[in-house]
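As structure tokens, the structure follows; a few thoughts come after it.
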Amino acid sequence: MLDFLGDLRRTHMCGALRAAEADKQAVLMGWVNRRRDFGNLLFVDVRDRTGITQIVFDKDSNAAMHAKAGDLRNEYVIAVIGTVKKRDAATINKNIPTGEVELIANDLRILNESKQPPFLPGDKDLPNEEVRLKYRYLDLRRDAMQRNIELRHKIALVIREYLSSQAFFEIETPFMTRSTPEGARDYLVPSRVQPGTFYALPQSPQLFKQILMISGFDRYFQIVRCFRDEDLRADRQPEFTQIDLEMTYPQPERVWEVVEGFLQAAFRSAGHDIRTRFPRMSYDEAIRLYGSDKPEMRLPPMTDVREVFSAADLEKFGVHRVLPLLAIRTPKVGKVSRKEKDENKELFGSHAEFNLLDIERIEKSMPEAADQLKGLAEANPDDLIAIVGAKLDSAVSLAGLCKVAGAYRLRLGDKYHEKHGAFNRTGDPSTDFRFLWVTDFPMFEWDKDEKRWNPAHHPFTSLHEEDMAKLEANIDSVHEADSPLGEIRALAYDVVLNGTELGSGSIRIHRQDIQQKIFKSLGMTEDEARQRFGFFLEALEYGTPPHGGIALGLDRIVMILAEADSLREVIPFPKTARAVDLMVDAPTPVSEAQLKELGIQVKK
RNA sequence: GGGGACGUAGUUCAGUUGGUUAGAACGCUGCCCUGUCACGGCAGAGGCCGCGGGUUCGAGUCCCGUCGUCCCCGCCA
């Protein structure tokens, strides 16, 4: 029934034939994308990853083959030997690149059949995601997915080429390792050889890449899978791919140049020319102007209401008016209707161009922010007016308020900003990519649950030279909320694109004495530090050169360039929100025998 | 862990204040058709209304629970 491939060789891909190939013989192989049956004349579109070509079966010229082609159904796999024919002007299909030609079939081999698929790759409507993920192999046949995965390949390729040209070596690091001290939960792999012990899958190759610098490889990169056992989001998968790099003797600017170089190459491969060097903004500035450590730079900065209103004004407007003002009103942005202006006049007098959004609206659209607001107000015996108007000398309060404001502004959504003309778009998609370096992240952040300072990045992050004295002076204040530890700036930086964090990095600590001080400031005894990072502390003692690096999320870069709204669109085999692979149905229970071998009991 | 949306034919969806036999489109099957390219025409098959319980004379529809998918918060560079 079915034919064998034999020694038949494909001559062209299905998207390749053009008028120049007219009258030549061609052998195409691919899937039946669609058939159009006119009785004695049958058209079949054959598809592969490059496109589709129309095949013609004509009963008059070859009755047996026409009959055989009548058995074809969607998604059958076929090989067609035929003659390329230039189409008559009237029958040219301008919608496809191969539309000027068709293949007149001389021979047909049916290489495989297909059951009726739950959906067809050529369907206009997408099935729901559950079905797509269960039949991922069919979903991946869709043109959009083929394009996304191709784009991903191209981006990874040019990044490899660029970094290689800059003297970086791609070096593999272990997947089965011990946990590196980033914040997230680890995926664990039980050891059979040593029952009761576990490997961890890496959240990042952090310590290995630092050790590669100690080992003299000078410049390292890896396009590498990382694992984090945390809840998923549209832009967060439990396994994801990072462009990870590390280099010796760098100032932050040296790292940034490398990143800008490969991002430029990557974006060019996707058809976008971006300009380097990216603008830079300190963390403090980002919080103050955008209320976020990943500013959406297409929006103008927020206005500090203190610059516009007097303390007396603020008192008059009432507590709940102030935050929205800070959040959304920026001079020259948006239009306030006459009606709104009239309403606003009563409240704001000469500042009627400021729009009014009240607390009810915040509560509706962003209840948690309203809670935070209340929290802020509660934290200070004076109300919010006092915080905003008069007592903004407390950095924590201002930052907190700015964050709420920034989050609220974003929550209004792109549509809102679009409608009010807030987006500062150029019309040219290439220049609408607003990259930004956010620099000088704080070294420590206050954990209000544990009532202690924790590393904001990770404990191997170097600090500003000028802040060393501050560290030494406050080395025993890990539990003091108002400790100046919070003012210490790290040599840590993020690269941000249109409000999305693409990557994060830092200059690392290369001196053992400084590393000890950091651990001490975190309340860790020498013994504890040795126990957790002994191998690394030891390595630091054998001539460690200054080094630093960064890691960028490849998936997110591809997602943005593919204009996708979920990572699942650019990852071939992603997991659902509950971290399940619907195609292979993982995770699953394992047999008692397997567990026994590992010395593991599962609670029932 | 919390909040929200959704779940009806292979697929995408509709389904009225609870009321007789649950519909459409695409796909699928058969027949017709020699220039279509989302071909067209005729005929047909196809339903555990996610699952379990409850209210009711009567449940796709109301209530409770549960499972699954998506979005968000917490969490997470």
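Every chain is numbered from 1, with letters handed out A, B, ... down the list of sequences.
Between B:C70 and A:N128, no contact under 4.0 Å exists linking OP1 or OP2 to a side-chain N or O. Distances shorter than 4.0 Å separate none of the side-chain N or O atoms of A:R87 from OP1 or OP2 on B:C37. Close to B:U29, at under 4.0 Å from its OP1 or OP2, lies a side-chain N or O of A:R73. Side-chain N/O atoms of A:R35 include none lying less than 4.0 angstrom from OP1 or OP2 on B:C39. When the side-chain nitrogen and oxygen atoms of A:R568 are compared with OP1 and OP2 of B:C71, one or more of them lie within a distance under 4.0 Å. Taking only side-chain nitrogens and oxygens, A:R36 never comes nearer than 4.0 Å to OP1 or OP2 of B:U36. The phosphate of B:C28 has OP1 or OP2 within less than 4.0 Å of a side-chain N or O from A:N74.
Shown here, B:C6 forms a base pair with B:G68; the pair counts as Watson-Crick or G-U wobble because both key distances fall under 3.5 Å.
A:T91 comes within 4.0 angstrom of a nucleotide base, judged by non-hydrogen atoms across all strands. Contacts of A:E102 with the nucleic acid, taken as non-hydrogen atoms under 4.0 Å apart, include base atoms. Across all strands, A:I96 comes closer than 4.0 Å to no nucleic acid atom at all (heavy-atom distances). At the heavy-atom level, A:F43 lies under 4.0 Å from base atoms of the strands shown. Using a 4.0 Å heavy-atom distance criterion, A:E129 is classed as a sugar-phosphate-only contact. Counting non-hydrogen atoms under 4.0 angstrom, A:R233 reaches a base of the nucleic acid. Contacts of A:K59 with the nucleic acid, taken as non-hydrogen atoms under 4.0 Å apart, are absent. The residue A:D88 sits apart from the nucleic acid: no heavy atom pair falls under 4.0 Å.
Atom CG of A:D186 is separated from atom P of B:C76 by 13 Å (rounded to the nearest Å). Distance, A:E75 CD to B:C28 P: 10 Å, rounded to whole Å. The distance from atom CG of A:D235 to atom P of B:C71 is 9 Å, rounded to the nearest whole Å.
Judged purely by atom type and a 3.5 angstrom limit, A:D48 uses its side chain to pair as donor or acceptor with the backbone of A:T50. Judged by distance alone, with hydrogens and angles left aside, the side-chain atoms of A:T177 form no donor-acceptor pair with the main-chain N or O of A:P174 at under 3.5 Å. The closest donor-acceptor contact from the side chain of A:Q222 to the backbone of A:T173 lies under 3.5 Å.
Aromatic ring centroids of A:F278 and A:W256 lie 6.0 Å or more apart.
Take the nearest nucleotide of RNA chain B for A:E445 and for A:D231: the residue whose nucleotide is more 5' is A:D231.
Spacing of P atoms, B:G3 relative to B:U66, comes out at 12 Å, to the nearest Å. For B:G35 and B:G40, the P atoms lie 15 Å apart once the distance is rounded to whole Å. Taking the C1' atom of each, B:G58 and B:C6 are spaced 27 Å apart, rounded to whole Å.
A donor-acceptor contact under 3.5 Å links the side chain of A:R236 to the base of B:C76.
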> Could you walk me through whether A:E102 and A:K86 pass the salt bridge (charged side-chain N to carboxylate O under 4.0 Å, His left out) check?
Replying inline: CA-CA 7 Å; A:E102 57 198 6; A:K86 204 171 166 190; over 6 Å; no
